[in-house]
Number of protein chains: 2
Amino acid sequence: MVGERVKKYRKEAGLTLTELADRAGVAKSYLSALERNIQTNPSIQFLEKIAAVLNITIDHLLKDMDNMEPAGDDIDTEWRKLVLEAMNSGVSKEEFRDFLEYNKWKINQK
Amino acid sequence: MVGERVKKYRKEAGLTLTELADRAGVAKSYLSALERNIQTNPSIQFLEKIAAVLNITIDHLLKDMDNMEPAGDDIDTEWRKLVLEAMNSGVSKEEFRDFLEYNKWKINQK
DNA sequence: ACTTTTTTACCCGTTCTCCTACCATGTTCA
DNA sequence: TGAACATGGTAGGAGAACGGGTAAAAAAGT
């Protein structure tokens, strides 16, 4: 069902239902109904908006893509989720850079 | 646009508009309107029916699959580089989490 | 405990999908 | 010339999708 998948990916991105609705520009009432399988036939434009915020393609939402990584991807899935969360939380690349520099420095201190 | 692609694949399958509509179990009037870009936002269930008859997946209808991108950039490339740098510099996921929490908090202070 | 956040659950209004017809233009037989 | 038929397009409407708002219920924090 589409609803479960939307919810699953939303959680992975660390977003609340209201946040996702706002960012995607859809009504939270409808999003809520969709996640609870009350609505089951969304339009493609609706799904496109949601998929864009969640950084996934539409058929991630249509079929179960549990069969993740065919191995050998250079970013492991744990990190991928973290970055997604970071992007959605509004952290800028610059702030992330600073954080990185600081940590490199800290590591060299020990 | 979705319409063009439906029409293209329908022609490739050697089907008439009426045939496709009958086989997919949809109204030919709506299918006609879709192909002429009068309707542009079909539901997923509608597309599923059509894609099934045409033996293609839905995102063949959503994007042009002529240029099969290697894909894999569901995380934008700038961020990807940053994460790789982070992983290589020995920053732990926990430290990253803390950084995230802190930033979310900081943003909410504004 | 109590307060705040998050989610669900309603209401109603508008818009749009998608349907059942019916119409217009061929084209192909007689 | 004519009817039969195939193909695509049109008109109108039922019902679903979708948005806004609000309020209650449930979770989470303090």
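Chain letters run A, B, ... following the sequence lines, proteins first, then strands; residues in each count from 1. Every heavy atom of this structure was used, including side-chain atoms; hydrogens, water molecules and symmetry mates were not. It should be emphasised that the depicted structure is a prediction, and the values quoted were computed from it without experimental measurement.
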**Q** Between D:dT10, D:dC18, C:dT8, spot the one nearest the side chain of B:Ser32, thanks.
**A** D:dT10
**Q** Whether B:Ser29 contacts D:dG8 is assessed here as follows: a side-chain N or O lying under 4.0 Å from the phosphate OP1 or OP2. Is that the case?
**A** no
**Q** So if I take residues 11-25 of chain B and measure heavy-atom distances to DNA chain D, which residues fall below 4.0 Å?
**A** B:Thr16, B:Leu17, B:Thr18
**Q** I want to verify a distance call: between C:dA21, D:dC18, D:dA17, whose nearest atom is closest to the A:Asn41 side chain?
**A** D:dA17
**Q** How many whole angstroms separate atom CD of A:Gln45 from atom C1' of C:dT15?
**A** 12 Å
**Q** Which part of the nucleic acid, if any, lies within reach of B:Lys7 when heavy atoms closer than 4.0 Å are counted: base, sugar-phosphate only, or nothing?
**A** nothing
**Q** Taking the side chain of B:Ser43 as heavy atoms from C-beta outward, which of C:dC18, C:dC19, D:dC18 is closest to it?
**A** C:dC18
**Q** A:Arg10 side chain N/O closer than 4.0 Å to the phosphate oxygens (OP1, OP2) of C:dT6?
**A** no
**Q** Between P on D:dT10 and CG on B:Leu31, what's the gap in Å once rounded to a whole number?
**A** 14 Å
**Q** Show the numbers, then the answer: is there a side chain to side chain contact (heavy atoms under 4.5 Å, CB included) between A:Leu62 and A:Leu47?
**A** CA-CA 10 Å; A:Leu62 297 182; A:Leu47 285 188; 4.0 Å; yes
**Q** Would you compute the distance between atom CG of B:Leu54 and atom CG of B:Leu20 and round it to the nearest 0.5 angstrom?
**A** 5.0 Å
**Q** Toward the 5' end of DNA chain C, which comes first, B:Lys28 or B:Thr40, by nearest nucleotide?
**A** B:Thr40
**Q** So, A:Glu48 side chain and A:Thr57 main chain: donor-acceptor pair closer than 3.5 Å or not?
**A** no
**Q** If only side-chain N and O atoms of B:Arg36 are considered, is one of them under 4.0 Å from the OP1 or OP2 phosphate oxygen of D:dG8?
**A** no
**Q** Would you call B:Arg10 and B:Glu19 a salt bridge, taking side-chain N to carboxylate O under 4.0 Å as the test?
**A** no
